[in-house]
Amino acid sequence: MNKSFYFNGLRLWVQGLLLLFLRWSQMKTGFDPATGLSRQSVPGTVLAAAILVLAAAEAVFAFRAPGGKRTYSNCLAPFSQGHLPLLAAGSLLLAAGSVLLPGWGPLEITAAAGGICTAAGLILFARIVRSGGDVKVFQLLPAMIFSVVFLLEIYLPEEGNPVLARYYLPVLSAALIACFFYQLAGLVLREGKLRWLVFFGNLSVPLALASMADCAGNLGRTLVYFGFALVTTIFLLLRRDEVLPEPEAEEDGEENSEN
């Protein structure tokens with residue numbers, strides 16, 4: 001448990017806080033205050049290099065996991081009593097952040113409704129899993145939809161921005177979050193892959209924390225990024241040390257033993 005807490009939780013948050021400091025330093029020194037154009041910045045260069053190194057390292061860690069399509073309950077353990085308050089806190093942060101996103105256009109209204117439904121769905125999903133019920137993808141659909149809507153809310157205002165350094169981190173982070181929830185729902189349907197879940201999750205947590213540096217004056221985005229980082233960490237902490245065999249593997253094993 002301690003090993004899992006460090007490797008799947010604390011390690012990612014330490015990385016995230018370091019990236020957050022680098023991104024905050026880049027925001028202070030890496031852009032011309034008059035034109036907004038990017039300029040030479042040591043923190044910005046170090047940040048980009050660190051993200052590339054982390055991506056390569058997480059790819060190595062992820063591909064140590066068993067390949068192929070997997071089942072949720074065979075890859076992730078049930079929620080413990082200690083996980084539930086943190087999951088609930090992360091879910092409430094998502095709901096609050098989605099409501100506080102600036103603007104009342106169609107996209108913002110959709111995001112607000114999606115954040116609230118995401119919080120309810122995640123809490124309900126955790127209760128069903130903890131009670132031993134069959135996991136269903138229905139409770140995770142709001143999280144999938146909200147993560148995509150949030151990605152659009154981050155990207156669309158910046159699509160015409162020629163300064164890639166200004167917005168690449170929050171957009172990349174939101175994309176990784178959406179990919180993580182896609183894989184999580186895929187596990188429930190037995191269509192997801194543990195390797196990709198681990199890869200997207202391990203990258204999305206530190207990058208979500210780092211993206212909070214881009215949210216100055218935008219409390220809604222800050223809460224959403226923090227909520228996603230917390231919720232994703234909880235699911236990563238549930239990863240089993242040894243993946244349980246899939247039904248086909250069990251049947252094959254029984255047939256081989258009979259032969």
inquiry  = Does E191 form a side-chain contact (heavy atoms from CB on, under 4.5 Å) with R70? I'd like the steps, not just the answer.
reply    = CA-CA 7 Å; E191 291 293 330; R70 296 285 164 176; over 6 Å; no
message = Go through it in stages, so that I can follow the logic: the residues are L236 and F180, the test is side-chain contact (heavy atoms from CB on, under 4.5 Å), and I'd like the CA-CA distance, side-chain angles, deciding distance and then a yes or no.
response = CA-CA 10 Å; L236 292 174; F180 172 81; 4.2 Å; yes
request  = Show the numbers, then the answer: is there a ring-ring contact (aromatic ring centres under 6.0 Å, His included) between F150 and Y225?
outcome  = CA-CA 10 Å; F150 182 65; Y225 275 121; 5.1 Å; yes
task = Run the numbers on L76 and L184 for side-chain contact (heavy atoms from CB on, under 4.5 Å), then give the verdict.
result = CA-CA 10 Å; L76 304 181; L184 183 65; 3.9 Å; yes
key: Derivation of the side-chain contact (heavy atoms from CB on, under 4.5 Å) call for R11 and N202   = CA-CA 9 Å; R11 173 181 68 90; N202 285 356; 3.6 Å; yes
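Under the ring pair (Phe, Tyr, Trp, His ring centres under 6.0 Å) criterion, F79 pairs with F235, not counting sequence neighbours. The side chain to side chain donor-acceptor pair (under 3.5 Å) test applied to Q183 returns no partner, not counting sequence neighbours.
Counting all heavy atoms, side chain and backbone alike, G227 lies closest to L94 at C-CD2, 3.8 Å. Across all non-hydrogen atoms, the minimal contact from N74 to R240 is O-CD, 3.4 Å. When all heavy atoms are compared, the tightest approach of R239 to A65 is NH2-CB, 3.6 Å. Minimum heavy-atom separation, L207 to L19: CD1-CD1, 3.9 Å. Scanning all heavy atoms of the two residues, the minimum distance from S98 to A112 falls at OG-O, 3.5 Å. Scanning all heavy atoms of the two residues, the minimum distance from S41 to G30 falls at CB-CA, 3.6 Å.
One hydrophobic cluster, built from ILVMFWY side chains closer than 4.5 Å, cannot hold both L124 and L189; they sit in different ones. L156 is connected to V171 through a chain of hydrophobic side-chain contacts under 4.5 Å among Ile, Leu, Val, Met, Phe, Trp and Tyr, so both are in one cluster. Linking ILVMFWY side-chain heavy atoms closer than 4.5 Å, directly or via other members, places I123 and L223 in two distinct hydrophobic clusters. Both F181 and L86 are part of a single hydrophobic cluster, where members link through side-chain heavy atoms under 4.5 Å apart. Under the 4.5 Å side-chain contact rule for hydrophobic residues, L209 and V46 share a cluster.
Side-chain contact between L47 and P43 is absent, with no heavy-atom pair separated by less than 4.5 Å. Put simply, the side chain of L93 does not reach to within 4.5 Å of the side chain of V231, judged on heavy atoms. Between P78 and R130, every side-chain heavy-atom pair lies at or beyond the 4.5 Å cut-off. At a threshold of 4.5 Å between non-hydrogen side-chain atoms, the residues L194 and L197 count as touching. Counting heavy atoms from C-beta on, the side chains of I51 and Y168 come closer than 4.5 Å. Taking the side chain as every heavy atom from C-beta outward, R23 and P170 approach each other to under 4.5 Å. By the 4.5 Å heavy-atom criterion applied to side chains, Q139 and I128 are counted as neighbours. Within the 4.5 Å cutoff, no side-chain heavy atoms of S73 are placed close to those of V135.
Between the side chain of S147 and the backbone N or O of M144 there is at least one donor-acceptor pair closer than 3.5 Å. A distance-only check finds a donor-acceptor pair linking the side chain of T118 to the backbone of P142 [under 3.5 Å]. Panel note: side chain R195, backbone F61; no donor-acceptor pair is recorded below 3.5 Å. Of the possible donor and acceptor atoms, none in the side chain of R39 sits under 3.5 Å from a partner among the backbone N and O of G36.
For R127, the CZ atom sits in a loose shell: 12 or fewer heavy atoms of surrounding residues, nucleotides or ligands are nearer than 6.0 Å. Atom CD of Q40 is surrounded by 12 or fewer heavy atoms from other residues, nucleotides or ligands within 6.0 Å.
Annotation: the span from L203 atom CG to S173 atom OG amounts to 10.0 Å, rounded to 0.5 Å. In this structure, the separation between CG on L87 and CG on L92 is 9.5 Å, given to the nearest 0.5 Å. Rounded to the nearest 0.5 Å, atoms CG (L54) and CG (L18) are 9.5 Å apart. M27 contributes atom CE, which lies 4.5 Å from atom CG of D214 (distance to the nearest 0.5 angstrom). Going from atom CD1 of I234 over to atom CG of L237 covers 5.5 Å, rounded to the nearest 0.5 Å. In this structure, L176 CG and F199 CZ are separated by 7.0 Å, a value rounded to the nearest 0.5 Å.
With salt bridges taken as basic N to acidic carboxylate O contacts below 4.0 Å, none links E108 and R221.
Figure legend: cation-pi geometry between R166 and F31, with NZ or CZ positioned under 6.0 Å from the six-membered ring centre and within 45° of its axis.
Legend: ring pair (Phe, Tyr, Trp, His ring centres under 6.0 Å) pairs involving residues 122-142, not counting sequence neighbours, sorted by first then second residue: Y72-F125.
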